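A quick write-up on the structure given underneath.
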Amino acid sequence: MNDTSDNMRSGAALQPAAFKSDYKPIWCPGCGDFSVLSAFTKAFAMIGKRPEQIAVVSGIGCSSRIPAYLTSYGFHGVHGRALAAATGLKVARPDLTVVVAGGDGDGYSIGGNHFLHACRRNVDMTYVVMDNHVYGMTKGQPSPTTEPDWQSKLSPSGTGLRVFHPLVVALAAGANFVARAFSGDPNGVAAILAEAIRHPGFSFVEVLSPCVTFRPEQRNWKQAVHPAPVEPTNDPAQAARRILTDDGFNVGILYRGDRMVYAPPVGKGKKKPADLERGFEV
Ligand SMILES: Cc1ncc(C[n+]2csc(CCOP(=O)(O)OP(=O)(O)O)c2C)c(N)n1
Ligand code: SF4
């Protein structure tokens, strides 16, 4: 951890820079994920936590590299399994602020099942998906959020497939907070992220984050995004209806729920790893 700051030693609120690591991101110049990284550091400063009180858990993909670029606990895990690892971590260590991060391929394809059940369980953590409608790391395959008519070398006629609606699926599955943000506005992402973290239960933040290499046309998202025209609702059906009929570029908090948070008691009957291992002996 980078512990050189005076604030860190004095216990005063930390500045965003305290949450940056010494590793230089290897993302393509102009990738939207740079701004999301900046938003993470701002949000962590806003919530007044210290690096050792936060854990960032990811899967695999360009976006999933984010824990390495932050100063906090981090876990760069297996493709599509970030939510499973994070759920275990939060249940075992409820004192930690757990933020899960990744891409649309990681979260909605291979990790789709975990996404549904994380929403349903409503453990108190925040899931940030940097959605660029493509698999960036593996060189541009279509993802569940890719438009059906997007033509590429790998999908010369488009996929012809209906797109996955992550925000509506999250609402149907029981997520307790749903928002959309745009990486081109890191302060806006940070404000939403801070609220998502503070909100009890499973918070889901979809960040439109352009892949300038495989989807250069996404640079136009800057002109397309606009603030959501209405205040957030606490009615999931109303939120889902709004999202299904908006243009996909409404940015802001769209739903705030009050479902009971799943937080099993820790410590009762807790076994040591050695006890668990003995249970597998043959
Ligand atoms: C089990 C497994 N299957 C496939 C892969 C290959 N793989 C690595 S990243 C990735 C997709 C990444 O796309 P996304 O999550 O959208 O992230 P991005 O790179 O666009 O940020 C795939 C298919 C893998 N690492 N592990
Ligand atoms: S391939 Fe796309 S998502 Fe990956 S770093 Fe480059 S611009 Fe970002």
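It should be emphasised that the depicted structure is a prediction, and the values quoted were computed from it without experimental measurement. Note that ligands are numbered from 1 as they come in the structure, with each ligand's atoms numbered from 1 the same way.
- Here is the list of ligand 1 atoms found below 4.0 Å of a heavy atom in D106: 14 (P), 15 (O).
- Between Y108 and F115, the two ring planes are tilted [angle within 30° to 60°].
- Less than 4.0 angstrom separates some heavy atom of T213 from each of these atoms of ligand 2: 6 (Fe), 7 (S).
- Between the side chain of Q141 and the backbone N or O of V134 there is no donor-acceptor pair closer than 3.5 Å.
- Nearest protein heavy-atom neighbour of atom 7 (N) of ligand 1: T138 CG2, 3.4 Å.
- In this structure, R256 contributes its side chain and T233 its backbone to no donor-acceptor pair below 3.5 Å.
- Side-chain contact check for H133 and D104: no donor-acceptor pair (N or O, by modelled atom type) lies under 3.5 Å.
- Note: an N/O pair closer than 3.5 Å links M137 and ligand 1 by distance alone.
- Within the 4.0 Å heavy-atom criterion, both parts of I60, backbone and side chain, lie near ligand 1.
- No side-chain N or O of S209 forms a donor-acceptor pair with one of N132 less than 3.5 Å apart.
- For ligand 1, the atoms closer than 4.0 angstrom to any heavy atom of V134 are 16 (O), 20 (O).
- Between G61 and ligand 1, no pair of N/O atoms sits closer than 3.5 Å.
- Atom 4 (Fe) of ligand 2 has no N, O or S atom of C31 closer than 2.8 Å.
- The main-chain N or O of A263 is never found under 3.5 Å from a side-chain atom of D124 such that the two would form a donor-acceptor pair.
- Less than 4.0 angstrom separates some heavy atom of C62 from each of these atoms of ligand 1: 18 (P), 19 (O), 21 (O).
- Separating the CD1 atom in I47 from the CG atom in L193 is a distance of 8.0 Å, to the nearest 0.5 Å.
- Checking D246, D247, D185 one by one against R180, the salt bridge (Lys or Arg N to Asp or Glu O under 4.0 Å) holds for a single residue, D246.
- In this structure, R65 forms no cation-pi arrangement with W27, as its terminal cationic atom is not both closer than 6.0 Å to the ring centre and no more than 45° off the ring axis.
- The residue from G103, S63, S58 that puts a heavy atom closest to atom 21 (O) of ligand 1 is S63.
- Using a distance-only test at 3.5 Å, with no hydrogens or angles considered, a donor-acceptor pair links the side chain of N122 to the main chain of F202.
- Neither the backbone nor the side chain of V78 comes within contact range of ligand 1; no heavy atom lies under 4.0 Å.
- For atom 2 (Fe) of ligand 2, the closest non-hydrogen atom on the protein side is C211 SG, 2.3 Å.
- The only option from H76, M137, M130 that meets the side-chain contact (heavy atoms from CB on, under 4.5 Å) definition with S64 turns out to be H76.
- When distances to atom 2 (Fe) of ligand 2 are checked against a cut-off of 2.8 Å, C62 contributes no N, O or S atom below that limit.
- Given atom 5 (S) of ligand 2, the protein heavy atom at minimum distance is C28 N, 3.4 Å.
- Checking only distances, G105 does come within under 3.5 Å of ligand 1, N or O to N or O.
- Hydrophobic clustering places V129 together with V169 (ILVMFWY residues linked when any side-chain heavy atoms are closer than 4.5 Å, directly or through intermediates).
- In summary, the atoms of ligand 1 found under 4.0 Å from a heavy atom of G136, numbered by their order in the structure, are 18 (P), 19 (O), 20 (O).
- Of all atoms in ligand 2, listed by their number and element, those nearer than 4.0 Å to a heavy atom of V212 are 7 (S).
- Close N/O approach between Y135 and ligand 1 is not found [any backbone or side-chain N/O within under 3.5 Å].
- Short contacts between ligand 2 and F214, defined as distances under 4.0 Å to a heavy atom of the residue, involve ligand atoms 1 (S).
- At a heavy-atom distance under 4.0 Å, only side-chain atoms of N132, from C-beta outward, approach ligand 2.
- Considering both main-chain and side-chain atoms, N132 comes within under 3.5 Å of ligand 1 through a nitrogen or oxygen pair.
- Nearest-heavy-atom check against atom 26 (N) of ligand 1 across R65, H79, Q141 picks out H79.
- Looking at atom 1 (C) of ligand 1, its nearest protein heavy atom turns out to be I110 CD1, 3.7 Å.
- No side-chain heavy atom of Y23 sits less than 4.5 Å from a side-chain heavy atom of P25.
- With 3.5 Å as the limit, one finds no donor-acceptor pair spanning the side chains of S35 and S38.
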